[in-house]
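In what follows, chains are A, B, ... by sequence order, proteins preceding strands, each numbered from 1.
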Amino acid sequence: MAAYPFSEIEPKWQKFWDENKINKIEDDFSKPKYYILDMFPYPSGAGLHIGHPEGYTATDIIGRYKRMKGFNVLHPMGYDAFGLPTERYSMQTGIHPKEVTAKNTKNFTNQLKALGFAYDWDRTVNTTDESYYKWTQWMFLKIYNSYFDEILQKAMPIEFLSIPENLVSQEEIDAYIDSQRLAFIAMIPVNWCEELGTVLANEECDEWREKGYTVERKPMRQWMIRITKYAQRLLDDLEIVEWPHSTKEMQKNWIGKSEGAEIDFFVPSIQKNIRVFTTRPDTLFGATYMVVAPEHGLVNELTTADQKAAIEAYITTSSLKSDLERTELNKEKSGVFTGSYAINPATGAEIPIWIADYVLAHYGTGAIMAVPGHDLRDNEFAQKYSLPILKVVENKENLDFDVTKEAFCEDGYAVNSEKSEVSINGKNTPEAKSIISNWLENKGIGKKKIQFKLRDWLFSRQRYWGEPMPIMFFEDGTRRGLDEDELPLVLPNVKDFKPAGTGESPLANVEEWVNFIDKKTGKKARYETNTMPQWAGSCWYYLRYIDPQNPEIFAAKDKEEYWMGDGGIDLYVGGAEHAVLHLLYARFWHKVLFDYGVVSTPEPFKKLFHQGLIMGLSYRNKNNVLIPNDLVESKDGKFFDTRNGEELEEIVAKMSKSLKNVINPDDVIKDFGADSLRIFEMFLGPLEASKPWSKSGIEGINRFLNRAWRLIATEESTLSDSVQDVPMTSDQEFALHCTIKKIGEDIENLSFNTAVSQMMIFVNEFTSAEIKSKEAMEKFVLCLAPFAPHLCEELWRILGHTNSIVLEKYPEYDITKTVKSEVEIVIQVTSKIRGKLIVPLDADQSAVEELAMKDESVLKHLDGKPIRKVIYVKNKLINFIV
RNA sequence: GCGGUCGUGGCGGAAUUGGCAGACGCGCUAGACUUAGGAUCUAGUGAGGAGACUCGUGGGAGUUCGACUCUCCCCGACCGCACCA
């Protein structure tokens, strides 16, 4: 039997939707809105992979369903097109990144259109368009021209910054202003890759190292963004969004708030304090030594003559290590004594000061008080270097706990913590913390302190293919950000994308662009040659979809308020790999805009959902070696290596070129059609789960769509004679109304796999009927339409309609028809099933009991024993306890 | 090590105010139609047992008339972070 003609009808309706602007979105403020967003793709040369259609189909189904329910739905698509892979490709081929990007986006667009997604392509955005990155630059300047007001806890225009009175010279004032900006220049150690000629983000290093590149630590001039100022708000506002628990936890951990105290330790030999941060001020009496990071500013002063050689050697060794190497698994701690001593402010004792790279320069103050009795790391270090270990916290459960062998890090109560001025002996840990903190504060040698792990955002890249930073520098060392009327600062057209070789981007080589006379000041000027990271453009793209062509502003206020109303984007779907960085940067960016009142919500993404990965199947032998799929043959459900006949185990593995298990969406569309691909990806399993692709699974889905087609249409694509205006049987009515109800509910809950199985149940129910109710067929096609839009558009015409099914309403169901008039209930004897009974819906207990008592098997198991108790659950079961 | 998610047939997975475990699909078995079937249709399909029945949701305990679902302990898988003082 012939398959339904998907290869004809799919392109036909795609063209129809395009030409008739069926997916056009109007800013009709009278309708309730629904804004549903996908994470936009990076248009790589490889094209769409099989994972893309998963999340995109899910949102397409919801968008189409919501539209059928009367919502004005914004479901846009665009491209995150700046990025290193394109630039690398250009360096190798000499083809300009702009051309590469245009070609790749065109290819992506064609592939997305072939999947039948209902995007309004007039609303598409591309981060590399001048008219787009003009606003990325505009927003960067907003950040640059802001300081963070600690009292208001928000960004304020830099003009409002109050200048300390002791600053008089313009130079000092400018320096102060620059030191307060939310975007600033700093010399910091970065991950520099010489061959790529650029810095890399920490999370990018591994990837490039694996490809054989060398990445080293090196201090360089970089743009930073003070995201740390927003740490508390980024943490607090996680409470107001509906996000996956795990993602919220990851962001919380990343922000890493900890409460404790800063304490000054006096060093008599240099007459200076070393400030430490600790979360356990209650253990101050147990601080028997101090450790400062090798990069700490006081190391030179602290180092005595006889320790100098050892300290310098240690510093050299640790500076050669990258962050990653320094933290490599459970490596043994090392350190060197500086020769100096500090005074423990609680005990008055002289304690040695060491340097060790287990103390991180960038966290806290870069120095710690070491309490080896009650900190695992300090304990390990103290044991290794025979430093004294004191017990100052008692373990209630085990009074004999020996802290010289193992640290006790939990709460307990304080011991050996007493002097004339203060005592915390006998106090529990929280109380002891508070008493010590207050005492320190009164003495002026410490204060309570909240510390975050979050670090400032390294915002510059030494690349060509990114947004130019809209900043110019003058010869006198001053600089200015561009004004709005000077934007966009357009990337110059260059032929050579190789790095400048000076640690600057290729832009530094573009003499005619980089050096110029500033029209506004008449001064000789030079543009910043760094560009922005890829994250920048993706921080706000969801706002541009709202008003993509607007030349005056990134989005008109009324449109922004409408589409972002009710707490922001109604649903954002994308991979969990962006759980921290993209989602944290975008939240930060949005909050700055919120502080300026140009967006109306404190958070951009009200509800977030991560789709799982689509995996491939792979095979491994007894030595755990993965065998590429083209070297595997299957026989009787078992798998063998074609080279030596060795039996292999089938496992689920990420799709990869080397394993030859990559599925190409174009091939699937060619073989089974876009509708089959869409539904199959939904049917694989729960959207959030990772699940393996299955060749026979998609055949099953294709079979299902063929069955659905044959229910209504003939081989000649006309209405089947068996579809007539006839009443439904009660079973058919039940199936139809359950289907309408369940599919609607499942879409709302993102349970697409169970929605698809309900459709199969419907088709199974009606397949056996010789005559099918036309009404049932029409309502079913409407339910199926969000999932299989091409097939349903065609069936809708076959059923005699002339309007596009996209514009139809989702059918209503009758709740009374979703319950059967008779139900089967289970008879149990002492909780074991002994019989079944058909009774009217909501039958009362006595009637059921009477009927149940007639059941042979029940009587046999009751065996005349006295019934102790009867449990009756209406419409479910009756249970006799004997 | 810390944080999180999750363990159900041969496979993907359903089912939780606690109430028939395995919906739906794949695969498999048998049959029908057919020159043919890798198309289509029909029936069957957790395990054991001839059967009445018994066992069964990673393992062990507990609560309950009743546990995939709730509690405790253990084991395993995956993801994230990783000397954060």
Separation between the [atom1] atoms of [N] and [M], rounded to whole Å:
N	M	atom1	answer
B/rA36	B/rC68	P	50 Å
B/rC24	B/rU63	C1'	34 Å
B/rG56	B/rC72	P	23 Å

When you check the phosphate oxygens OP1 and OP2 of [N], does a side-chain N or O of [X] lie under 4.0 Å from one of them?
X	N	answer
A/R703	B/rC26	yes
A/R834	B/rC53	no
A/N753	B/rA14	yes
A/N875	B/rG19	no
A/K876	B/rA15	no
A/R707	B/rC41	yes

(message) Regarding B/rC81, can its base be found pairing with the side chain of A/N253 as donor and acceptor, where the two atoms are less than 3.5 Å apart?
(response)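 No pair found.
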
(message) For a salt bridge (charged side-chain N to carboxylate O under 4.0 Å, His left out) check, start with the C-alpha distance between A/K820 and A/D731, then their side-chain angles and the critical distance, and finish with the verdict.
(response) CA-CA 8 Å; A/K820 294 201 165 181; A/D731 278 351; 3.6 Å; yes

(message) Show every ring-ring contact (aromatic ring centres under 6.0 Å, His included) that has at least one partner inside residues 675-717 of chain A, sequence neighbours left out.
(response)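 Qualifying pairs, neighbours excluded: A/Y4-A/W709, A/F680-A/W693.
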
(request) Would you mind telling me which residue lines up with the more 5' stretch of RNA chain B, A/K836 or A/K860, judged by nearest nucleotide? (result)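 Its nearest nucleotide lies further toward 5', so the answer is A/K836.
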
(message) On RNA chain B, compare the nucleotides closest to A/G697 and A/K869; which residue's is nearer the 5' end?
(response)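 Nearest nucleotide further toward 5': that of A/G697.
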
